[in-house]
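To start, the structure under review is shown below, and the notes come after it.
Quick note on labels: first sequence line is chain A, next is B, and so on, each numbered from 1.
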Number of protein chains: 2
Amino acid sequence: MSVVSESEPDIVRMNPRTRRVRQVILDAAVEVLLTDGAEHVTATHVAGRADVARTTIYRHWPDQAALLLATIDAVASPHHPPPGVGVLDRDLRSALENLRTRLMVHQSRPVFGALASHAHHDEGFAVAQRRFVEQLVRPVAAVLEAAGERGEVGGELDSQLEATLLAGPVLHHHLMLHADVTDGLIEAVVARWLVVHDLG
Amino acid sequence: MSVVSESEPDIVRMNPRTRRVRQVILDAAVEVLLTDGAEHVTATHVAGRADVARTTIYRHWPDQAALLLATIDAVASPHHPPPGVGVLDRDLRSALENLRTRLMVHQSRPVFGALASHAHHDEGFAVAQRRFVEQLVRPVAAVLEAAGERGEVGGELDSQLEATLLAGPVLHHHLMLHADVTDGLIEAVVARWLVVHDLG
DNA sequence: ATCTTACACAACAATCCGTATTTTAAACAG
DNA sequence: CTGTTTAAAATACGGATTGTTGTGTAAGAT
């Protein structure tokens, strides 16, 4: 599932104990990330919460940045939304509402903040940030592509761009403005998109 | 100009030397923020770059977070765009292009990342983040309000929401996706907005 | 049962933060 | 110009953190 480009350890062929300890560390790191924040995802704190020797963490990840990236990768796993009912406007609203709940339940703000703050220096964080956002937007694009295959919309539209225009305001409100995503916002975004595409 | 709510020191009635040193420190801090990143905006690094005793920084700001907030406040000063020509569609495009250049020239990504990463724990950073984003969006809202006063659009529209829908995709591309804001994106956003409001 | 691997444990230097104290120099008042 | 006030420089300190190294020990593989 993990799509990390760098040398991914062969988790399958590891010691059972190693695999177990590694998972315990990652679980604790995720917990620390979501409760205490990204700047506390450090060898000391994570080791304390995982009841693991601090040096063990350095055996698995070379430094704090690597541990944080792995932690974010663990918490931001791809999502497979339930298939829509096959009606574009309903599926679009569902996709955006689903996005909203994912944003809230997955504590996306601290994760996104950690990514954004490191992306400036560390290219690994930059690509992780892109991946994080694109993965949030992807279900919306999937709805559009499904509608395209049904012939409900013109097939020549750029589903990536269209999905960005639909999901963008939701992400903007939640991640940038720290504001609630209201039903009215979702409704307005979807309604306008339908008007523009002569489906209103 | 600075709208920091907390106890703002009376810069006017300070010692000339104090005022000078304070400015030197802030300048160095801004430099550190933009080149090395927010996590290096620390007493040690800033003092080193400003050629100032480290302890002096603690006389002005109680801790690292306060220094970082002041630094961001210094770099993210409000912007007064030139007035538009009075034609809505042209002014909207200008406002979005102006926004794009501001994002690039003002190194908004590291600033935004620092705000986003601290906003989770520190309410001061949360409001600063909101202020930062709203200040970026405000010129677009101003264009809409001016058009409303001219009667070019219906006066009952929520200029804040509309500006968010217009500027959102630009911010989304630049700050979230680390992608370039193309002319095509701006054109698409504006054209669609005009269509929705029967101005296309 | 033996051997290999990896974790626990302890100690290490290097760094940094925030504070307190003393010394020095700048700004100001008479 | 001189004495006083103010703030910065210099130094030192305790506490905490990062990343490294080395030694024992127990889990897992053969």
Side-chain angles (χ1 to χ4, degrees), chain A residues 6-29 32-33 35-71 114 117-118 121-122 124-125, chain B residues 6-29 32-33 35-71 114 117-118 121-122 124-125:
Chain A
E6 33 179 312
S7 68
E8 178 155 357
D10 301 347
I11 301 183
V12 227
R13 62 177 55 195
M14 289 193 329
N15 252 350
R17 177 170 62 146
T18 302
R19 194 163 52 236
R20 199 169 55 232
V21 168
R22 193 186 163 88
Q23 192 57 45
V24 166
I25 294 173
L26 271 183
D27 289 347
V32 169
L33 171 65
T35 63
D36 303 336
E39 71 270 28
H40 291 114
V41 177
T42 180
T44 306
H45 280 151
V46 171
R49 180 158 318 204
D51 257 320
V52 157
R54 190 170 61 92
T55 49
T56 302
I57 294 182
Y58 286 99
R59 176 177 303 275
H60 290 276
W61 297 276
D63 54 19
Q64 181 167 348
L67 174 63
L68 179 58
L69 247 186
T71 306
S117 68
H118 287 74
H121 329 269
D122 191 319
F125 279 86
Chain B
E6 33 179 311
S7 69
E8 177 154 356
D10 301 346
I11 300 183
V12 224
R13 62 178 54 194
M14 290 193 327
N15 249 349
R17 178 170 62 146
T18 302
R19 195 163 53 235
R20 200 169 56 232
V21 166
R22 193 187 163 88
Q23 193 57 46
V24 166
I25 292 173
L26 271 182
D27 289 346
V32 169
L33 171 65
T35 61
D36 302 338
E39 70 269 27
H40 291 114
V41 177
T42 178
T44 305
H45 280 152
V46 171
R49 181 161 314 206
D51 257 321
V52 156
R54 188 170 63 92
T55 49
T56 302
I57 294 183
Y58 286 99
R59 176 178 302 274
H60 291 276
W61 297 276
D63 55 18
Q64 180 167 348
L67 174 62
L68 180 57
L69 249 186
T71 305
S117 67
H118 287 75
H121 327 271
D122 191 320
F125 279 87

Take atom [atom1] of [X] and atom [atom2] of [N], then tell me their distance rounded to the nearest Å.
| X | N | atom1 | atom2 | answer |
| --- | --- | --- | --- | --- |
| B:W61 | D:dA7 | CH2 | P | 14 Å |
| B:M14 | D:dT6 | CE | P | 15 Å |
| B:Y58 | C:dG18 | OH | P | 4 Å |
| A:I57 | D:dT20 | CD1 | P | 13 Å |
| B:R22 | D:dA7 | CZ | P | 13 Å |
| A:R59 | D:dA27 | CZ | P | 16 Å |
| B:Q64 | C:dT19 | CD | P | 13 Å |

Assuming nearest nucleotide by heavy-atom distance, tell me which of B:A65 and A:T56 is located more 5' along DNA chain C. A:T56
Position toward the 5' end of DNA chain D (nearest nucleotide), B:R19 or A:V41: B:R19
Salt bridge (Lys or Arg N to Asp or Glu O under 4.0 Å) partners of A:R49, counting only residues at least two apart: A:E31, A:D36
Polar atoms only, N or O, under 3.5 Å: list the protein pairs with nucleotides 9-12 of chain C and their distances.
| from | atom 1 | to | atom 2 | distance (Å) |
| --- | --- | --- | --- | --- |
| C:dC9 | N4 | A:T55 | OG1 | 3.0 |

side-chain hydrogen bond (donor to acceptor under 3.5 Å, both in side chains) partners for [X], two or more places apart:
| X | value |
| --- | --- |
| A:D27 | A:Q23 |
| A:H45 | none |
| A:D122 | none |
| A:Q64 | none |

Distance in Å, A:L68 CG paired with A:H40 NE2, rounded so as to fall on 0.5 Å steps: 12.5 Å
Rounded to the nearest 0.5 angstrom, the CG-CG distance for B:L67 and B:L33 is 10.0 Å
Just call it for B:H60: base, sugar-phosphate, or nothing, with non-hydrogen atoms closer than 4.0 Å on any strand. sugar-phosphate
Considering just the side-chain nitrogens and oxygens of B:R20, establish if one lies under 4.0 Å of OP1 or OP2 belonging to C:dA26. no
Only counting residues at least two apart or in another chain, list the ones meeting ring pair (Phe, Tyr, Trp, His ring centres under 6.0 Å) with B:F125. B:H118
Nucleotide N/O of nucleotides 3-5 of chain C paired with protein N/O under 3.5 Å:
none

Who passes side-chain contact (heavy atoms from CB on, under 4.5 Å) against A:S117, sequence neighbours left out? B:S117
